[in-house]
Amino acid sequence: MKNGIDSSVQELIRKYSLANAIKFDGKANAKAVIGKLLAERPELRSRARDIITQVNKTVKEINRISITDQISELEKIAPELLETTKERRSKELPPLKEAKIGEVTTRLPPEPSGYPHIGHAYAGYINWYYARQYEGRLILRFEDTNPRNVNQEYYEAFKEGYQWMGIDWDEELNVSDDIPYFYDHAEKLLDRGEVYFCSCSADVISENRRTGAACEHRQTSNEENQKIWNEILEGQHTEGEIVCRLRIDMTHSNAVMRDPNIFRIIDFPHPIQGAKYRLWPTYDFANALEDHRNGISHVLRSNEFASRGELQAYIRNLFSYAQPIIQEWSRFAIEGSPVSKRKIRPLIESEVISGWDDIRLTTLLALRRRGILPEAIREMTREVGLSVAQPILDWSLLLGINRRLVDPLASRYYCVTQPKQVELINTKPFTAKIPYHPDFKDRGSRKIPVEKRVFIDGMDAKQLRKGDIFRLKHAFNLQVEKKTKDTLQCSYAGDELDKAKLKIQWVTPDSIPLRLFIPDVLFIKGEVNQKSLQIIEGLGECALQDVKSETIIQLERKGFGFVEKNGEKVNINMTE
RNA sequence: GCCCUGAUAGUGUAGCCAGGUCAAUCAUCAUGGGCUUUCGCCCCGUGGACCCGGGUUCGAAUCCCGGUCAGGGCACCA
């Protein structure tokens, strides 16, 4: 055969050309066909030039015939290529590196120094997910080695936050319970001459680290270092005066490795340990050893720790401890929503926001009060995954997922704002029966008697002109007879559904006052958004009286919300 | 300043390691329609992206070089 291309290859070319043409309106693309062909028959790659000539020729021929003919020919020679199957499945996290069933241990490592937020939930869920996926263990470990940062109430706050997220753990411990373990290790290093005490100021240490210069303390004799260690444990030396450093390499390309501090004096009572210790390990030292002590197989964390990994591995190597698998992802941000205490605290102090559970924040308390379901956060986490790019998430991602999840759960209620009175001129007394959920009628309904007056939303009233026919939803139709400044006079206009121009929500005169809180992003281009919270007064139907505080409902045509009752007051935090 | 990462529709993400089935996935978003006694949910359709410049190759989102931009680290915080 010409160019040595045999008939089986010819046939393949013809098949793929036809399939490609059919996929794209009868016009095949030679490049796509070549790609497909060479992917399937890699041994042909050496003869790519000949193949290309042949493909070009075939594609030209095929593009000349009609798409119906193309389909019928392909049906004869390769019907399997005509199938177009689309599958849809919910996204899952990728398999974990070097993980075996039953041999995975991960950790939740919060510092109890504030309230858990969506970032903690995200990291927590990933650690939980893999621990459960591989039938392993999950350890809740409070990283409380800085007594000046930690506070008793936050230990509890984290546990509640994780529980709310559906994250359960197999073991709970505090790093601060293991201080003797760190001392043991430090003393071994002291014996081996791996550490020294440095009394340079923090500024000097930092500067030397930048320039790669060693200070005189690096030369301190072992005996002297041992002596200082004991002095500190006995209560000599003061906070800030001296630190214990690991002697590694002051010119290392990773600045973290330039003789890091591993212990410092902190004379401050610890919420759990009290005044038991004054010499506290720093993050890297405690973390590296604690991961080993806990038998952590996989360290799953955000990548702000990336450059510390080398140091932590170095520390474990000093003791010939095995290294865990490390998997990192980028820390993410939500557009316009600060996470850091530094940014939020001033907003609370200046009363821009009401507190750590203000519905504009991303603390778990805030998200819950906004009617966000934990599953929405979990799904969002799976969606964003272990990406190493720098995601700046939009609220719409979380809110969109949440809307879908909350829809089947939320009972529907009527609510009107800027109420406009509607006088019913000639209607007979009527009792409306309104189901709580349109898709689940078995959840029952409430009955609302209608007499001489109802209220509708001001926005709806605005659209109505004299003569218009509209429907009080789940009741009957009305025709506007007269429109005055604060009243619509209406007459009965039948029961047929399709006659009404608008079908609107309404409430009776005995309805209850509501306050709707509508959140928006807190920051726009770095400036505080003055309209980040709208508070709107409204009237809600009586059935809202029976709704328990802290349930998620839908106010029809207004959105989903989280009910909060405070005595007589009914507040509803809208999710968006 | 130095070091490490990264860059795919408006947003997020898959694909990149092992170049061809990518005419680029999925979600969110926007838009048109259907369903609906809600502007909700659901269903169908449509729209929109490989940071820039070189190189290697028959062929580059994918490999190489150079740039640009962004994030993190260089704490006696974690």
A.B. asks: From the list B:U37, B:C76, B:G12, which nucleotide is the closest neighbour of the side chain of A:N261?
C.D. replies: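 Given the options B:U37, B:C76, B:G12, the side chain of A:N261 is closest to B:C76.
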A.B. asks: Parallel, tilted or perpendicular for A:F430 and A:F476, by the 30°/60° rule?
C.D. replies: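 If you compare the ring of A:F430 with that of A:F476, the planes turn out perpendicular.
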A.B. asks: For A:W280 and A:F182, what are the C-alpha separation, side-chain angles and deciding distance, and is it a ring pair (Phe, Tyr, Trp, His ring centres under 6.0 Å)?
C.D. replies: CA-CA 9 Å; A:W280 293 90; A:F182 304 122; 9.6 Å; no
A.B. asks: Is it the case that over 12 heavy atoms from other parts of the model lie below 6.0 angstrom from the CG atom of A:L233?
C.D. replies: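 Check passes, neighbour count above 12.
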A.B. asks: NA contact type, A:N20, heavy-atom cut-off 4.0 Å: base, sugar-phosphate, or nothing?
C.D. replies: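 Touches a base.
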A.B. asks: For the side chain of A:P438, starting at C-beta, report the closest nucleotide among B:U28, B:C26, B:U38.
C.D. replies: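 Looking only at side-chain atoms, A:P438 lies closest to B:U38.
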A.B. asks: Is A:V243 touching bases, backbone alone, or none of the nucleic acid, heavy atoms closer than 4.0 Å?
C.D. replies: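 Base contact - A:V243 has a heavy atom under 4.0 Å of at least one base atom.
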A.B. asks: When we call it a touch if two heavy atoms are under 4.0 Å apart, what does A:C198 touch: a base, just sugar-phosphate, or nothing?
C.D. replies: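 The answer is nothing, as A:C198 stays clear of every strand by at least 4.0 Å.
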A.B. asks: Just the atom pairs and distances: protein N or O near nucleotides 16-19 of chain B's N or O, under 3.5 Å.
C.D. replies:
none

A.B. asks: By nearest nucleotide on RNA chain B, pick out whichever of A:T282 and A:I52 is the more 5' one.
C.D. replies: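 Of the two residues, A:I52 wins.
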A.B. asks: At less than 4.0 Å, is any side-chain N or O atom of A:T145 found next to OP1 or OP2 of B:A78? Yes or no.
C.D. replies: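 Result: yes.
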A.B. asks: Tell me, please, whether A:F523 has A:K343 positioned over its six-membered ring: NZ or CZ under 6.0 Å from the ring centre and within 45 degrees of its axis?
C.D. replies: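 Cation-pi check for A:K343 and A:F523: passes.
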A.B. asks: Select base, sugar-phosphate, or nothing to describe what A:L38 touches, counting heavy atoms under 4.0 Å on all strands.
C.D. replies: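 Since a base atom lies under 4.0 Å of A:L38, the category is base.
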A.B. asks: Need one value for A:T211: base, sugar-phosphate or nothing, where a base atom within 4.0 Å counts as base even if backbone is also close, heavy atoms only.
C.D. replies: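 Nothing, no heavy atom under 4.0 Å.
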A.B. asks: Using the C1' atom as the point on both nucleotides, what is the distance between B:G45 and B:G6, in whole Å?
C.D. replies: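 Straight-line distance between the two C1' atoms is 36 Å.
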A.B. asks: Compute the ring centroids of A:W229 and A:Y196, then answer whether they are less than 6.0 Å apart.
C.D. replies: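 Ring centroids of A:W229 and A:Y196 are no less than 6.0 Å from each other.
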A.B. asks: Assuming nearest nucleotide by heavy-atom distance, tell me which of A:G35 and A:K27 is located more 5' along RNA chain B.
C.D. replies: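 Final value for this comparison: A:G35.
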A.B. asks: So which pairs with a foot in residues 401-413 of chain A pass side-chain hydrogen bond (donor to acceptor under 3.5 Å, both in side chains), sequence neighbours left out?
C.D. replies: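 Residue pairs with at least one partner in residues 401-413 of chain A: A:E379-A:R404, A:R403-A:E576, A:D407-A:R412, A:R412-A:H437, A:R412-A:Q554.
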A.B. asks: Indicate whether any N or O donor in one side chain lies under 3.5 Å from an N or O acceptor in the other, for A:N287 and A:D284.
C.D. replies: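 Distance-only check fails for A:N287 and A:D284.
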A.B. asks: For B:C58 and A:R49 - does any side-chain N or O of the residue sit under 4.0 Å from the phosphate oxygens OP1/OP2?
C.D. replies: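 So the side chain of A:R49 is within the cut-off, an N or O lying under 4.0 Å from OP1 or OP2 of B:C58.
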A.B. asks: Pull out every protein N or O sitting under 3.5 Å from an N or O of nucleotides 68-70 of chain B, one pair per line with the distance.
C.D. replies:
from  : atom 1 : to     : atom 2 : distance (Å)
B:A70 : O2'    : A:Q390 : OE1    : 2.9
B:A70 : N3     : A:Q390 : NE2    : 3.3

A.B. asks: I want to check one thing: is the phosphate of B:C41, taken as OP1 and OP2, less than 4.0 Å away from some side-chain N or O of A:R403?
C.D. replies: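 It does, given that an N or O in the side chain of A:R403 lies less than 4.0 Å from OP1 or OP2 of B:C41.
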A.B. asks: For A:I504, answer base if it contacts any base atom (sugar-phosphate contacts may also be present), sugar-phosphate if it contacts only those atoms, and nothing otherwise; contact means non-hydrogen atoms under 4.0 Å.
C.D. replies: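 Nothing: the residue A:I504, judged by heavy atoms under 4.0 Å, touches no strand.
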A.B. asks: Hey, could you give me each pair passing side-chain hydrogen bond (donor to acceptor under 3.5 Å, both in side chains) that has a residue in residues 383-394 of chain A? Not counting sequence neighbours.
C.D. replies: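 Counting only pairs at least two positions apart or across chains, the side-chain hydrogen bond (donor to acceptor under 3.5 Å, both in side chains) contacts touching residues 383-394 of chain A are A:D394-A:S396.
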A.B. asks: Any base atoms under 4.0 Å from A:A28, or only sugar-phosphate, or nothing? Heavy atoms, all strands.
C.D. replies: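 Result for A:A28 = base.
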A.B. asks: Indicate, with yes or no, if the rings of A:F305 and A:Y283 have centres closer together than 6.0 Å.
C.D. replies: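 Ring centres of A:Y283 and A:F305 closer than 6.0 Å.
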A.B. asks: Look up atom CD1 in A:I401 and atom CD in A:E375, then write down how far apart they are to the nearest 0.5 Å.
C.D. replies: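 The CD1 atom of A:I401 sits 9.0 Å away from the CD atom of A:E375.
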A.B. asks: Check RNA chain B for consecutive Watson-Crick or G-U pairs with both distances under 3.5 Å and list the runs of at least three as stems.
C.D. replies: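 Stems for RNA chain B, defined as runs of 3 or more consecutive pairs: B:1-7 with B:68-74, B:10-12 with B:26-28, B:29-34 with B:42-47, B:51-55 with B:63-67.
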A.B. asks: Can you tell me how far P in B:C69 sits from the matching atom in B:U56, rounded to whole Å?
C.D. replies: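 Comparing P positions in B:C69 and B:U56 gives a spacing of 28 Å.
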A.B. asks: Please pick, from B:C76, B:C22, B:A78, the nucleotide with the shortest atom-to-atom distance to any side-chain atom of A:I205.
C.D. replies: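 When the side chain of A:I205 is considered, B:C76 is the closest of B:C76, B:C22, B:A78.
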A.B. asks: Under 3.5 Å, is there an N or O donor on one side and an acceptor on the other linking the side chain of A:D407 and the base of B:G40?
C.D. replies: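 Under the 3.5 Å cut-off, the side chain and the base do form a donor-acceptor pair.
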A.B. asks: Under 4.0 Å, heavy atoms only, any strand: does A:Q554 hit a base, just the sugar-phosphate, or nothing?
C.D. replies: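 Base contact.
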A.B. asks: Establish whether the base of B:G73 is bridged to the side chain of A:E304 by a donor-acceptor pair shorter than 3.5 Å.
C.D. replies: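 Under the 3.5 Å cut-off, the side chain and the base do not form any donor-acceptor pair.
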A.B. asks: Should A:R209 be listed as having a side-chain N or O under 4.0 Å from OP1 or OP2 of B:A75?
C.D. replies: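 Yes.
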A.B. asks: Quick one: label A:D394 by what it contacts on the DNA or RNA (base, sugar-phosphate, nothing), any heavy atom closer than 4.0 Å.
C.D. replies: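 Since only primed, P, OP1 and OP2 atoms lie under 4.0 Å of A:D394, the category is sugar-phosphate.
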A.B. asks: Remember a base hit wins even if backbone is also touched, and classify A:K503 as base, sugar-phosphate or nothing at under 4.0 Å, heavy atoms.
C.D. replies: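 Sugar-phosphate, backbone atoms only, no base.
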A.B. asks: Which is true for A:G385 with a 4.0 Å heavy-atom rule: it touches a base, it touches only sugar-phosphate, or it touches nothing?
C.D. replies: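 No contact.
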A.B. asks: For A:R308, answer base if it contacts any base atom (sugar-phosphate contacts may also be present), sugar-phosphate if it contacts only those atoms, and nothing otherwise; contact means non-hydrogen atoms under 4.0 Å.
C.D. replies: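 If one applies the 4.0 Å heavy-atom cut-off, A:R308 turns out to touch a base.
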A.B. asks: Check every strand shown and say whether A:F305 touches a base, only sugar-phosphate, or nothing at a heavy-atom separation below 4.0 Å.
C.D. replies: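 Since a base atom lies under 4.0 Å of A:F305, the category is base.
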A.B. asks: Quick check with a 6.0 Å cut-off and a 45 degree axis cone: is A:R370 positioned over the face of A:F560's six-membered ring?
C.D. replies: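 No.
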A.B. asks: Would A:S176 and A:D144 count as having a side-chain donor-acceptor pair, cut-off 3.5 Å?
C.D. replies: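 Yes, because at least one side-chain N or O of A:S176 sits under 3.5 Å from a partner of the opposite role on A:D144.
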A.B. asks: Which residues pass the salt bridge (charged side-chain N to carboxylate O under 4.0 Å, His left out) test with A:R258, not counting sequence neighbours?
C.D. replies: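 Residues passing salt bridge (charged side-chain N to carboxylate O under 4.0 Å, His left out) with A:R258: none at all.
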A.B. asks: Going by atom types alone, do A:R331 and A:N303 pair a side-chain donor with an acceptor below 3.5 Å?
C.D. replies: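 Result is no, nothing qualifies.
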A.B. asks: Have a look at A:S206 and say if it touches a base, only the backbone sugar-phosphate, or nothing, with a 4.0 Å heavy-atom cut-off.
C.D. replies: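 Touches sugar-phosphate only.
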